[in-house]
Amino acid sequence: MTGFFSPPPLKGILSLLLVMLLLPAFPSFGATADLEQSVQPIQIPNPASDLWREVRQRDAAMTGSTQALGVDGGVLINPTGEKWRQFRMQQLLPYGGYALGAVVLILLLFYTLRGRVPIKAGMSDKKLFRYSVYERMIHWFMALIFLFLAFSGLILLFGRSLLLPLMGPALFSLLASASKEGHNLFGPLFALALVLIFFRFVRRNIYQKGDLTWLLRGGGVIGKKHVPSNFFNMGEKSLFWLLVFVGGAIAASGFFLLFPVFGQGRVVMELSHVVHGIGALLMLSVIIGHIYIGTIGMEGAIEGMKSGYCDLNWAREHHDWWAEKCEQRGEVLDRDQPISARGADALGTPSGQMSEEAGK
Ligand code: HEM
């Protein structure tokens with residue numbers, strides 16, 4: 001009986017299977033894949049892609065008329081965007097990474113070869129007042145903010161190439177978006193810290209006679225002779241001015257990126273990003289050196305920023321002009337002398353006169 005759906009004949013199925021099994025044995029079968037690859041799609045000229053290719057290759061932004069009122073609303077395509085992208089991926093990322101790596105390597109090498117700079121005369125039982133509570137507070141405020149911004153910024157810059165393969169997309173996207181929000185939120189506090197640091201320390205960072213000698217002798221690293229210095233040496237003064245100018249540029253460009261409401265277009269935003277990135281990497285390289293000297297690099301350096309007082313012998317060996325003046329003014333204290341004994345308030349902030357004197 002032949003119904004509507006009759007089963008296919010067994011003979012037919014067997015012949016089909018046989019053909020399928022034998023097919024790969026024919027040389028022409030393997031060639032079909034190659035043949036497929038070698039067959040080029042028929043080139044149909046596409047006027048739209050030609051148009052976009054030409055637009056992208058223009059040197060300047062192509063503007064037209066539009067009713068959209070936003071900045072850059074009439075810009076059809078911004079060719080500098082591609083230049084900016086290439087700069088970020090091909091220059092900023094690799095060279096920035098090499099620069100930071102080189103700084104760390106140089107410091108490691110220096111530490112291995114020269115070790116910690118000791119207080120040659122050893123720690124004394126005398127101390128000198130160096131930083132008030134306010135000065136230490138603004139310093140550590142700046143340090144915390146800067147380090148947070150540095151870490152979150154580095155995650156945004158290098159995270160995709162270094163962390164994403166290790167963490168996977170779920171965890172990395174969480175970290176990257178938290179870094180972005182944190183960086184944007186705390187960024188303006190860097191500008192505030194900068195202003196506070198500037199007004200408090202500017203007087204003591206004016207360059208003076210003798211600073212150049214300090215620089216030429218590499219702060220005592222070149223040659224064996226002692227290099228005299230005042231409250232701040234040439235290196236510290238240069239760090240201060242670098243912080244003021246480069247830090248100022250980082251803060252200003254950061255504001256441009258964070259608040260696109262000053263009428264800045266895409267090109268200004270791209271330039272701001274370039275200034276922000278280069279400035280931050282430069283500042284970070286210098287700050288790594290600063291942190292090295294302040295911690296493991298030099299015996300006694302951190303004392304002033306920790307307790308407000310530094311060791312007398314440390315001051316004599318690193319800031320001798322200032323130490324001499326303090327000694328002449330009779331400001332040398334016993335190490336265990338309580339702060340209140342020399343007219344400090346409850347917070348440990350020395351009286352106005354002492355605080356003023358400390359900077360001279
Ligand atoms: C863990 C991090 C840091 C440590 C251990 C550290 C340590 C020190 C120490 C020991 C001093 C006093 C040096 C002296 O008495 O001669 C100092 C001063 C200073 N630090 Fe830091 N610091 C750190 C982070 C930072 C950061 C992130 C910045 C700025 C971005 C900074 C900016 C300054 C400035 C401006 C001075 C005064 C020097 C001058 O005005 O020339 N510090 N730091």
Side-chain angles (χ1 to χ4, degrees), residues 117 127-143 145-146 190-222 225-252 279 282-294 297-298 300-306 308-312 314-332 349-360:
V117 177
K127 63 183 179 183
L128 288 179
F129 166 70
R130 196 159 166 82
Y131 296 111
S132 68
V133 169
Y134 174 70
E135 286 161 356
R136 279 177 278 149
M137 256 170 54
I138 57 173
H139 173 266
W140 291 119
F141 173 57
M142 164 64 96
I145 289 291
F146 185 91
F190 173 72
L192 173 69
L194 201 59
V195 173
L196 298 178
I197 290 266
F198 176 78
F199 284 112
R200 190 62 190 184
F201 289 116
V202 65
R203 248 187 49 203
R204 282 169 255 178
N205 281 292
I206 310 282
Y207 288 112
Q208 58 192 140
K209 222 176 126 200
D211 282 341
L212 202 63
T213 322
W214 190 95
L215 183 74
L216 291 176
R217 295 215 212 126
V221 174
I222 305 167
K225 264 175 120 183
H226 172 75
V227 213
S229 137
N230 210 343
F231 189 92
F232 285 135
N233 60 40
M234 172 77 166
E236 288 169 311
K237 287 180 183 177
S238 306
L239 166 80
F240 177 85
W241 290 111
L242 200 78
L243 188 62
V244 169
F245 289 111
V246 179
I250 297 172
L282 175 68
M283 203 63 238
L284 184 58
S285 310
V286 175
I287 288 296
I288 293 174
H290 173 74
I291 295 174
Y292 166 80
I293 298 172
M298 181 187 280
I302 194 99
E303 291 309 315
M305 267 303 167
K306 246 167 63 185
Y309 294 86
C310 66
D311 183 81
L312 177 64
W314 175 83
R316 281 178 179 163
E317 287 176 23
H318 297 288
H319 301 276
D320 50 350
W321 289 340
W322 170 71
E324 225 174 273
K325 274 181 257 170
C326 291
E327 287 184 80
Q328 280 165 9
R329 289 196 291 244
E331 288 173 11
V332 180
T349 313
S351 59
Q353 189 232 335
M354 279 297 237
S355 179
E356 278 298 298
E357 293 292 320
K360 292 183 188 160

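These values consider heavy atoms only, across backbone and side chains, with no hydrogens, waters or symmetry-generated copies. Since the structure is predicted, the reported quantities are computational estimates derived from the model, not experimental observations.
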- Message: Just to verify, what does Glu324 make a salt bridge (charged side-chain N to carboxylate O under 4.0 Å, His left out) with, not counting sequence neighbours?
- Response: none
- Message: Less than 4.0 angstrom from a charged side-chain N to a carboxylate O is my criterion; do Arg316 and Glu327 meet it?
- Response: yes
- Task: Check whether any side-chain heavy atom of Phe240 sits under 4.5 Å from a side-chain heavy atom of Arg204, and report yes or no.
- Result: no
- Message: Are the side chains of Phe231 and Glu236 in contact, using a 4.5 Å heavy-atom criterion?
- Response: no
- Query: Is there a side-chain contact between Glu317 and Val117, using heavy atoms and a 4.5 Å cut-off?
  - Reply: no
- Message: Could you measure the distance from the CD1 atom of Ile288 to the CD1 atom of Ile293? Nearest 0.5 Å is fine.
- Response: 12.5 Å
- Message: Suppose we screen for side-chain contact (heavy atoms from CB on, under 4.5 Å). Which residues come up paired with Ile291, at least two apart in sequence or across chains?
- Response: Leu147, Ile287, Thr295
- Message: Using 0.5 Å steps for rounding, measure from the CG atom of Leu194 to the CE atom of Met142.
- Response: 4.5 Å
- Relative to the ring of His319, is the ring of Trp314 parallel (under 30°), tilted (30 to 60°) or perpendicular (over 60°)? tilted
- Item | Note, Arg130 side chain near Glu303 side chain (heavy atom, < 4.5 Å) | no
- Look up atom CE in Met298 and atom CD1 in Ile302, then write down how far apart they are to the nearest 0.5 Å. 12.0 Å
- Item | Note, Met234 side chain near Tyr207 side chain (heavy atom, < 4.5 Å) | yes
- Item | For Phe141, all residues meeting side-chain contact (heavy atoms from CB on, under 4.5 Å), sequence neighbours excluded | Ile145, Leu189, Leu192, Ala193
- Give, for atom CG of Leu312 and atom SG of Cys326, the distance between the pair rounded to the nearest 0.5 Å. 9.0 Å
- Quick one: does Lys325's side chain get under 4.5 Å of Asn230's, heavy atoms only? yes
- Query: Is there a side-chain contact between Trp241 and Val202, using heavy atoms and a 4.5 Å cut-off?
  - Reply: yes
- Query: Which word best sums up how the rings of Phe146 and Phe190 line up, parallel for under 30°, tilted for 30 to 60°, or perpendicular for over 60°?
  - Reply: tilted
- Message: With side-chain contact (heavy atoms from CB on, under 4.5 Å) as the criterion, how do Leu196 and Tyr134 come out once you've worked through the C-alpha distance, each side chain's angles and the decisive distance to 0.1 Å?
- Response: CA-CA 10 Å; Leu196 298 178; Tyr134 174 70; 3.8 Å; yes
